[in-house]
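First comes the structure, then the notes that go with it.
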Amino acid sequence: MQYDFNRIEAKWQLYWAKNQTFKAENSSDKEKFYVLDMFPYPSGAGLHVGHPLGYIASDIYARYKRHRGFNVLHPQGYDSFGLPAEQYAIQTGQHPAITTEANIKRYREQLDKIGFSFDWSREVRTSDPKYYKWTQWIFIQLFNSWYNKGSDKAEDITGLIALFEKEGNSKVNAVCDEDTEVFSAEEWKRFSAGRQQEILLKYRLTYLAESEVNWCPALGTVLANDEIVNGVSERGGHPVIRKKMTQWSMRISAYAQRLLDGLEKIDWPQPLKDSQTNWIGRSEGASVTFKVLDSEQAFAVFTTRPDTIFGASFMTLAPEHELVPLITTSERKAAVEAYIETTAKRSERDRMADVKTITGVFTGAYAEHPFTKEPIPIWIGDYVLAGYGTGAVMSVPCGDQRDYDFARHFNIPIPNIFDGVDISEEAFADKEKTVITNSGFLNGLPYKKAVQRVIAELEKIGQGKGKVNYRLRDAVFSRQRYWGEPFPVYYDADGMPRMINEKYLPIELPEVEKYLPTETGEPPLGNATHWAWDIERSAVVSNDLIDHKTVFPLELNTMPGWAGSSQYFNRYMDPHNETEIFSREAIDYWQDVDLYIGGSEHATGHLLYSRFWQKFMYDRGWVPKDEYAKKLINQGMITGTSAFVYREEGSGKVISKGLITDKRVTPIHADVSFVNASDELDVDAFKKWQPEYKDAEFVLEDGKYVVGREIEKMSKSKYNVVNPDEICEQYGADSLRLYEMFLGPLEQSKPWNTAGITGVHGFLKKLWRLYHSGPNGEFYVEGASPSKGSVEDLSAESLKTLHKTIKKVEEDIENFSFNTSVATFMICVNELTAQKCKSRTILEPLAVLVAPYAPHISEELWEKLGHSESIATASWPTFNPEYLVESTKEYPISFNGKKRFTLELPADMDKEAIETAVMAHEKTQEQLQGRTPKKVIVVPGRIVNIVG
RNA sequence: GCCUUGGUGGCGGAAUUGGUAGACGCGCUGGAUUCAAAAUCCAGUUCUUUCGGGAGUGUGGGUUCGAUUCCCACCCAAGGUACCA
């Protein structure tokens, strides 16, 4: 009987769906195990072979855990708000909800074909109002919370208001805006309601603030860094400037230290932890206030090297620093303004990356040195970023290379404050060996003592203090987009934001005519005509009714992509609950995620924000764990082989790869589906696909157009995607699953090449044949079965093969080394085939071992073995080491570390006996050629090495 | 620039604590079967060689009886870098 994978796979997929085989219950005698995948964004291109990589791995793990007797929660859903659907809507006018729905349908079909053991009854979609109701709910809770540094957690804002009423804010130990003024209880009570709200905003965990954005005036919209190429918009090539905008922010900085500390108790990959650690960027130092000479102004800098304060020969402010226009002298004004304008065009990343070009301008103003009272020139330079620290730097050229280069470039003096150190060529940044000189009261002190001393002196004169600084900035939470969660926010008569009462959630996304920003530059929701909040009717009403008395305008921004993904893992525990985000029982049972698999590209986005929300939820008592995922694995990405055609600069001719020689060409992506295995392009298909090349001249070599090839991340935008559907069709889902695992280690990136799939497919056929040794390839196994009894011929060899496979596969799954277990299965089947094994005692456990990897074929074989229940209910075979005991060991005999021959010796032979046996061997004498070895290393069970 | 990861045959990769480098699969070569093909099976396949052997895990150095594995320096590629998700 043939291995008819198409029939078998369809049969079992239907069976699993009908019987709800993988539905998880919220209570069980079994121990719980929660396996989570990062849910996909349903793009129009459909699923490509890179997506399922992590899903297959987690599915294997989830299935394995079921065999080991756990109650497994393995849900899936869609991160269905996002930019591509909106972009498509702008281009076609099609509502994003419609395209998203269609894309989800396609994703689901594709996912179903691969045979995942998801509990689909728990599916969530972030763009579903039933889901985003709870995203809005969390936003309100954040708004109604402040961070109490005393208790080191988030608390209800009513507690803060009570404190203000009792004692003002001077003794309140809270995380708040830097510019928060001090007031007494009496003053608080006298403030207007609007004023009070304004002050509370400085404490709330989500608040309105000015933040910088990439503004593209031509497109009238804010762009992601991703959408900007070489300083201009990717679409259309328009200029982009950085501009300040009032937006919602999340006070994630309040959690900086806890986010750092929490990393120690979770089993996440070290590189990912490093990423988060660097992102949070804790540094210890001091905050120092400098007065501006001949002015009322002063500014603060943060420095990790306050000990070098006597070496400061200039100050550098970020060009965007608020003080710049206030202190610039009239004769420097033109130069400063010109410089600011140039900087506004550069992206932050550009400014950070570019260390070679040194630019800056002198403002004409001077700061006063807090101790020497000497004037210090104040410069601006774009290597200082406004958003980092205070946006101002105390420049000490002798101790910092960037300051050194800047000083050299502008001929600013470089005073040396390090004893016996030559700074004529470069700055000296070594803290450990530092002894300070030319520094008044710091002379002769080493680094640590100097830091302590200078901080004490600064505190004495009220111009500084020791400080821990974090690089982590508060997260901007507004997006000027349509396809995202609307805020449950309206603006009152004072223009202050107000939350809509929880019981009226969700506030649903309004319909708009077009998805672009309005002509006045408002976000797309500004196009909605029905987008006002009536506080009497508690309903969204027409904008015409806005009177700022009972009907108010609603927020026009929407939430960012990460809003919906920051708590979805908890919502899966109780996804249909309409009265709570999840029930107490559900969260108490499932607790947290035991295994989370997803890409490392989310390290400092989703994976940091979700930890922040979880800690907030924990503080407010809604979840029992302050870290939501015990273990996390990063799957590597799959790279594809992109194809390029080459357009000659100037002529516009498209030149075959071999004819480029020294011509100047621009490589352009060609869809890989137009290219055959010999790298020849179907020119007509290409022209049809990209009409702008319809009339272009294609210069051929030997009558063919040959493309260039390059390995890149597999992505729709690079036109190098390979779809899993065809592989499922041609080889089956089990082959696809095995092949994706067989490609290489889960965590590494690896190329996709379908050529090798015949290998794993051949293995499945061989596995099938092992159970079909009867006449005409009928199913046949020997041994007692539930239905009929027969005698089996069980060999010690087969038992050994089986048990070494059990051992290896078990270790592999526990270590997430799925590629090596596929190889192990192949060896096992090759050996059993050679042994002509037909024994049920071997073949039954083998089916269970294979089941997590290739579930369809295993189900079919399991059924044929006479079982009436799904193989998912079978328990994992038990490894018995007795079958693996060896009586001899083949020793490699090395001379000076190089193996020359091997020698079989009894496994239990001791060190001395091994040495004697080896030295007596003729080949040893042959190798030595009469020399006496200096030393003989014998490691019993491992190796013999003869030196000399 | 900074942070992170990786570099082993023609290709994907294996080598779990420093102990037989190249498991397993693809591809290729030869053979069996076949009218032929597909499928299947068998044998071989790191390079080099005067057939004794010699060299070999990005490059250069180091530690060690022994290094793909540990240390130092460098080269190359990929990912991230705060509004792609």
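Order of the sequence lines fixes the chain letters, A, B, ..., with proteins taken first and strands second; residue numbering starts at 1 for each chain. Both backbone and side-chain heavy atoms feed into the values below; hydrogens, waters and symmetry mates do not. Every value quoted in this text rests on a predicted model; they were computed, and no experiment measured them.
Checked by distance alone, N278(A) brings no side-chain donor or acceptor within 3.5 Å of a matching partner on the base of C3(B). Counting atom types as modelled, Q247(A) pairs a side-chain N or O with a base atom of C83(B) as donor and acceptor under 3.5 Å. Not a single donor-acceptor pair, N or O on each side, falls under 3.5 Å between the base of C84(B) and the side chain of E601(A).
The glycosidic torsion of G12(B) lies more than 90° away from 0, placing the base in the anti range.
For the C1' atoms, the distance linking C26(B) with A78(B) amounts to 24 Å, nearest Å. Distance check on atom P: U57(B) versus A21(B) gives 12 Å, rounded to whole Å. Spacing of C1' atoms, U69(B) relative to A14(B), comes out at 14 Å, to the nearest Å. Remark: the separation of the P atoms in G80(B) and G9(B) is 27 Å, to the nearest Å. U68(B) and U8(B): their P atoms are spaced 14 Å apart (whole Å). Taking the P atom of each, A43(B) and C51(B) are spaced 29 Å apart, rounded to whole Å. G6(B) and A15(B): their P atoms are spaced 14 Å apart (whole Å). With both ends at atom P, the span from G66(B) to U20(B) equals 15 Å, rounded to whole Å.
Across all strands shown, nothing is found opposite U68(B) as a Watson-Crick or G-U wobble partner with both distances under 3.5 Å. A 3.5 Å limit on both hydrogen-bonding distances identifies U5(B) as the Watson-Crick or G-U partner of A77(B). Under the Watson-Crick or G-U wobble criterion, with both distances below 3.5 Å, G44(B) is paired with C28(B). Judged by Watson-Crick or G-U wobble contacts below 3.5 Å, the nucleotide A15(B) has no partner. Pairing for U57(B) is absent, with no Watson-Crick or G-U wobble pair whose two atom distances lie under 3.5 Å.
Residue D79(A) is classed as a sugar-phosphate contact, given heavy-atom separations below 4.0 Å to backbone atoms only. Heavy atoms of W562(A) sit nowhere under 4.0 angstrom from any nucleic acid atom. Looking at heavy-atom distances under 4.0 Å, K750(A) makes contact with sugar-phosphate atoms alone, never a base. Among the atoms of the strands shown, base atoms are found under 4.0 Å from some heavy atom of V222(A). At a threshold of 4.0 angstrom between heavy atoms, the contacts of L472(A) include nucleobase atoms, whether or not backbone atoms are also involved. Among the protein residues, T902(A) comes within range of the nucleic acid bases, having at least one heavy atom under 4.0 Å from a base atom. Within 4.0 Å (heavy atoms only), K807(A) reaches no atom of the nucleic acid at all. Note on Q276(A): nothing from the nucleic acid sits closer than 4.0 angstrom, heavy atoms only. Across all strands shown, M38(A) has no heavy atoms under 4.0 Å from either base or sugar-phosphate atoms. Among the protein residues, V936(A) comes within range of no part of the nucleic acid, since none of its heavy atoms lies under 4.0 Å from any strand. Backbone-only engagement by N819(A) is indicated by non-hydrogen atom pairs under 4.0 Å involving sugar-phosphate atoms exclusively. Nucleic acid contact class of K765(A) (heavy atoms, under 4.0 Å, all strands): sugar-phosphate only. At a threshold of 4.0 angstrom between heavy atoms, the contacts of H606(A) with the nucleic acid are absent. Looking at heavy-atom distances under 4.0 Å, Q270(A) makes no contact with the nucleic acid at all.
In this structure, CZ of F742(A) is placed 12 Å from C1' of C11(B), rounded to the nearest angstrom. A straight line from CD of Q748(A) to C1' of A78(B) spans 12 Å, rounded to a whole angstrom. Rounded to an integer number of Å, the gap from CD of Q730(A) to P of A38(B) is 16 Å. Between the CH2 atom of W248(A) and the C1' atom of C83(B) there is a distance of 18 Å, given to the nearest Å. The CD-P distance, from Q635(A) to U5(B), rounds to 17 Å in whole Å. Put simply, CD on E747(A) is 9 Å from P on G6(B), counting in whole angstrom units. Rounded to whole Å, atom C1' of U4(B) lies 16 Å from atom NE2 of H602(A).
Minimum atom distance to the side chain of P892(A) is reached by U20(B), of the listed C83(B), G27(B), U20(B). Set against U81(B), A14(B), G79(B), the side chain of W279(A) has U81(B) as its closest nucleotide. With distances taken from any side-chain atom of K935(A) to the nucleotides C24(B), G12(B), C65(B), the minimum falls on C65(B). Among the nucleotides U4(B), C41(B), U81(B), the one closest to the side chain of P271(A) is U4(B). Side-chain proximity of K889(A) to the nucleotides A14(B), G12(B), U20(B) is greatest for U20(B). Closest to the side chain of M637(A), out of G19(B), G79(B), C84(B), is G79(B). Side chain of I937(A), nearest nucleotide from G19(B), U4(B), A23(B): G19(B). Distances were taken from every side-chain heavy atom of T820(A) (C-beta onward) to each of A14(B), C65(B), G12(B); the shortest belongs to A14(B). Among the nucleotides C65(B), A23(B), U20(B), the one closest to the side chain of A823(A) is A23(B). When the nucleotides G19(B), G25(B), C83(B) are ranked by their closest atom to the side chain of I943(A), G19(B) comes out on top.
Between the side chain of K935(A) and the backbone N or O of V947(A) there is no donor-acceptor pair closer than 3.5 Å. Between the side chain of Y515(A) and the main chain of Q91(A), no donor-acceptor pair closer than 3.5 Å is present. The main-chain N or O of P42(A) is found under 3.5 Å from a side-chain atom of N103(A) such that the two form a donor-acceptor pair. Checking side-chain atoms of T126(A) against main-chain N and O of S80(A) turns up a donor-acceptor pair under 3.5 Å. At distances below 3.5 Å, at least one donor-acceptor pair connects side-chain atoms of Y55(A) with backbone N or O atoms of M38(A).
Dashed line: the shortest gap from a side-chain N or O of R769(A) to OP1 or OP2 of C41(B) is under 4.0 Å. Close to A82(B), at under 4.0 Å from its OP1 or OP2, lies no side-chain N or O of R473(A). Contact annotation: R479(A) side-chain N/O to A82(B) OP1/OP2 distance is not under 4.0 Å. Between N557(A) and C83(B) there is no side-chain polar atom (N or O) within less than 4.0 angstrom of OP1 or OP2.
None of V918(A), V936(A), V944(A) except one satisfies the side chain to side chain contact (heavy atoms under 4.5 Å, CB included) rule with T924(A); the exception is V918(A).
For E831(A) and K804(A), the salt-bridge test passes: some basic side-chain N is under 4.0 Å from an acidic carboxylate O.
The distance between the ring centers of Y132(A) and F81(A) falls below 6.0 angstrom. Taking the ring centroids of Y568(A) and W613(A), they lie at or beyond the 6.0 Å cut-off.
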Quick one, E320(A) with R242(A), criterion salt bridge (Lys or Arg N to Asp or Glu O under 4.0 Å). Give me CA distance, side-chain angles, the key distance, then yes/no. CA-CA 10 Å; E320(A) 303 87 343; R242(A) 279 168 311 104; 2.9 Å; yes
